[in-house]
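First the structure, in the form of structure tokens, and then the observations on it.
The first residue in the sequence is number 1, and the count goes up from there.
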Amino acid sequence: MERSYILQEAKDYLLITVGVTLYAFGVTVFMLPYGLTTGGVAGISAIIYYVTGVEVQVTYIGINLCFLLVAVKVLGLKFCLKTIYGVLMMTLVLWLWQRLVEVPDPVTGIMSLPRLMGDEAYFMACVLGAIINGIGLAFCFENNGSTGGTDIIAAIVNKYRPVSLGSVIMACDVVIISSCYFVFHDWFRVIYGFVMLFVCSMTLDYIMRRQHHCVQFMIFSRNPGAIADAILRTKHGVTMLDGEGWYTHTDRKVVVSIIRERDKVSMQRLIKSIDPYAFVSMSDATGVWGHGFDQMKVKVSKGVKDKRTLVFATHSSHKLEEVRKAMGEDYEIRSLEEIGCNIDIPERAGSLAGNALFKARFVKRYYGFDCIADDTALECEGLGGLPGVHSRNYCSFSDSRQPQGEALIMEGYSDEVSQELLNTLHIHAPVHNKPIDYDSARNVRRLLVDLQGKPRRAMIHTVIAYITGDYDNPEKCHTETFDGVLEGRVADEPSCPLEETVFYDSVFVPKGFECTYHELSTETRESISQRVKAIGKLKQYLDRKQGG
């Protein structure tokens, strides 16, 4: 486990502890002594406390155990671990705050919670308590935690719908606050409860919005390249737009970057250090959705059956149609061109799985879509598995097992090396203009020469790689690979002029057939295709995950 991940988790738990401590302080010092009622499980527990005298932490943990059973299923283990921690810590600090502030009654000697601001300071207690509670909730939510109760309901709704956390909590808590009338028969206490709920919700929303608030910089400079490069080094996105200075009628470049508001001062310093005379416009970005920011929690349309969208990392229309047919109507399969990727992603790994994973990771990293990618090879028994991963450039394959003019990335390459290669490819990748010519004729000629006097048993092997989740979060990024194999043999002679076929179709004879793959009908090819077999395994996996 990486040190940075451990430190981040420790920070989350520390700030969750701060949040629940503030929330418990607001409940103990400003709510309970004045008989006020807030929403959520804390409000229910307070009402039970007013009626029966059972301390709030007892009822609080009992009710939350029921909510957590649902949360584990919907929100995932990581969120629930921190929520469980928040509930347990909340229970502890509620008990602790009561022990710290309670005093004996001067008449009866019974321990009770004092009113720190006098008997008539209901409104002040209401406002101060609500603000402290809102700050405490914000600490918890910002660090993937919760104080339990209706917070869990709010987090579940916010996960799937574009509704703010504060609004959901307010909607859930109206009934709870209204019910305090049946305890005190006092509408003023109900009104105070609603004021407390409103102030708490507004405080929570304000802090959450400030945390996610963004600003957009438009920079007009005579040195735009240096500024853009410097912004990239700070791990922020940047776009260069073409413009024209209308007074001088000269071409100008406009640098555009959207960043979190907390980083705006650093951005200003960076710009000034490079070009103190740059013209800069900074504006509020009230909603920013995309990689590195928030996600759009809306459905595309109502009344239309949802389809799972996957990108197939290929420029081949034939392969694309084959995969679309194999995946069926429940999946929308897009090509690289359909997502605006015109890059020729190289296949330079030391294995089929490495090539497929590299292509899938590239699409996920820079285009965001869940992706599938493939690589296919002919593997001959008489050549020790060759051509294998070198099938497309076998004619130039050297004895050192390295294609001429290409660097190999061995199968065990580290994430650091892979990430560096992804970045390099994104910036300097060759543009895809037309299908790449792998010189199939020369490949086949060399294969037939190398196989003279050797066993001719062979197979066509395809590996499909699949990637989903959040690429930048190792815990939420998941990859799988699926194999498909078509066994057969290599014929003594090609079944047609080599210039008329692709790959090794003119010399590969599938098991159970007497003719080459090239001579089979389209229907027969699809029925025995190793790629279709691999895609079938992928589809079974996705259907099982979606159904379970």
Side-chain angles (χ1 to χ4, degrees), residues 76 159-160 289-292 295-302 304-347 349 351-376 418-419 422 425-426 429 432 435 461-485 526 529-548:
K159 179 178 180 180
Y160 297 105
W289 301 280
H291 181 72
Q295 294 182 351
M296 289 185 286
K297 298 172 182 177
V298 295
K299 293 185 177 180
V300 176
S301 60
K302 293 183 179 180
V304 179
K305 184 179 179 181
D306 290 335
K307 288 187 177 183
R308 174 79 181 277
T309 299
L310 296 171
V311 171
F312 183 37
T314 185
H315 293 289
S316 168
S317 58
H318 167 72
K319 290 168 62 174
L320 180 66
E321 290 305 315
E322 185 178 47
V323 170
R324 281 175 173 168
K325 187 173 182 179
M327 291 296 292
E329 295 295 327
D330 292 338
Y331 296 88
E332 179 183 351
I333 309 300
R334 300 183 184 179
S335 67
L336 291 177
E337 284 84 357
E338 288 173 321
I339 64 169
C341 178
N342 295 313
I343 290 174
D344 174 29
I345 307 175
E347 299 173 341
S351 68
L352 298 182
N355 282 333
L357 282 169
F358 186 83
K359 290 188 285 187
R361 291 181 68 191
F362 177 82
V363 172
K364 184 65 180 176
R365 173 66 179 86
Y366 293 107
Y367 294 87
F369 289 92
D370 289 352
C371 180
I372 55 179
D374 79 316
D375 195 23
T376 299
S418 178
Q419 185 62 55
L422 287 172
L425 175 60
H426 185 237
H432 176 84
H461 182 192
T462 291
V463 175
I464 296 286
Y466 163 71
I467 185 169
T468 186
D470 182 355
Y471 184 88
D472 292 326
N473 187 338
E475 283 198 338
K476 296 182 179 180
C477 185
H478 183 71
T479 60
E480 292 283 346
T481 56
F482 305 89
D483 291 80
V485 171
E526 291 179 353
S529 168
Q530 78 289 337
R531 185 177 295 106
V532 171
K533 293 177 184 177
I535 287 293
K537 294 178 182 178
L538 167 66
K539 187 174 185 301
Q540 288 179 357
Y541 170 82
L542 294 176
D543 291 345
R544 185 169 63 250
K545 294 287 287 187
Q546 192 170 357

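- Across all non-hydrogen atoms, the minimal contact from A356 to A373 is O-CB, 3.4 Å.
- When ring centroids are compared, F362 and F358 stay outside the 6.0 Å threshold.
- Between Y466 and Y541, the angle of the ring planes goes over 60°, which puts this pair in the perpendicular group of the 30/60° scheme.
- Residues A353 and V463 approach most closely at CA-CG1, 3.9 Å, considering heavy atoms.
- Atom CZ of F312 sits about 10.5 Å away from atom CE of M327, to the nearest 0.5 Å.
- Across L538, L357, I464, a single residue satisfies side-chain contact (heavy atoms from CB on, under 4.5 Å) together with T481, and that is L357.
- Within the model, atoms CD of E338 and CG of L320 stand 6.5 Å from one another, a figure rounded to the nearest 0.5 Å.
- To the nearest 0.5 Å, the span separating NZ on K364 from CZ on R361 amounts to 12.5 Å.
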**Study point:** side chain to side chain donor-acceptor pair (under 3.5 Å) between Q530 and H461, intermediate numbers included
**Key:** CA-CA 7 Å; Q530 78 289 337; H461 182 192; over 6 Å; no
Practice item. Any chance you could lay out the salt bridge (Lys or Arg N to Asp or Glu O under 4.0 Å) test for R324 and E321, step after step, and finish with the verdict? Key: CA-CA 5 Å; R324 281 175 173 168; E321 290 305 315; 3.1 Å; yes
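- Here the closest heavy-atom approach between residue R334 and residue T309 is recorded as NE-CG2, 3.6 Å.
- How far CD1 of I467 is from OG1 of T479: 6.5 Å, rounded to the nearest 0.5 Å.
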Exercise for review: Applying side chain to side chain contact (heavy atoms under 4.5 Å, CB included), run through K359 and D374 and close with a yes or a no.
Suggested key: CA-CA 8 Å; K359 290 188 285 187; D374 79 316; 4.2 Å; yes
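- Nearest heavy atom pair, residue S529 against residue E322, reads OG-OE2, 3.1 Å.
- Of the inter-residue distances, the one linking Y367 atom OH with I343 atom CD1 reads 4.0 Å to the nearest 0.5 angstrom.
- Residues E332 and L310 form no side-chain contact, since every pair of their non-hydrogen atoms from C-beta on lies 4.5 Å or further apart.
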Review point. Hey, mind stepping through V311 and L336 against side chain to side chain contact (heavy atoms under 4.5 Å, CB included) and telling me if it holds?
Key: CA-CA 7 Å; V311 171; L336 291 177; 4.2 Å; yes
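- Considering D370, I333, D543, D330 as possible partners of R308, the one that fulfils the side-chain contact (heavy atoms from CB on, under 4.5 Å) test is D370.
- Rounding to the nearest 0.5 Å places OG1 of T462 at 9.0 Å from CG of D483.
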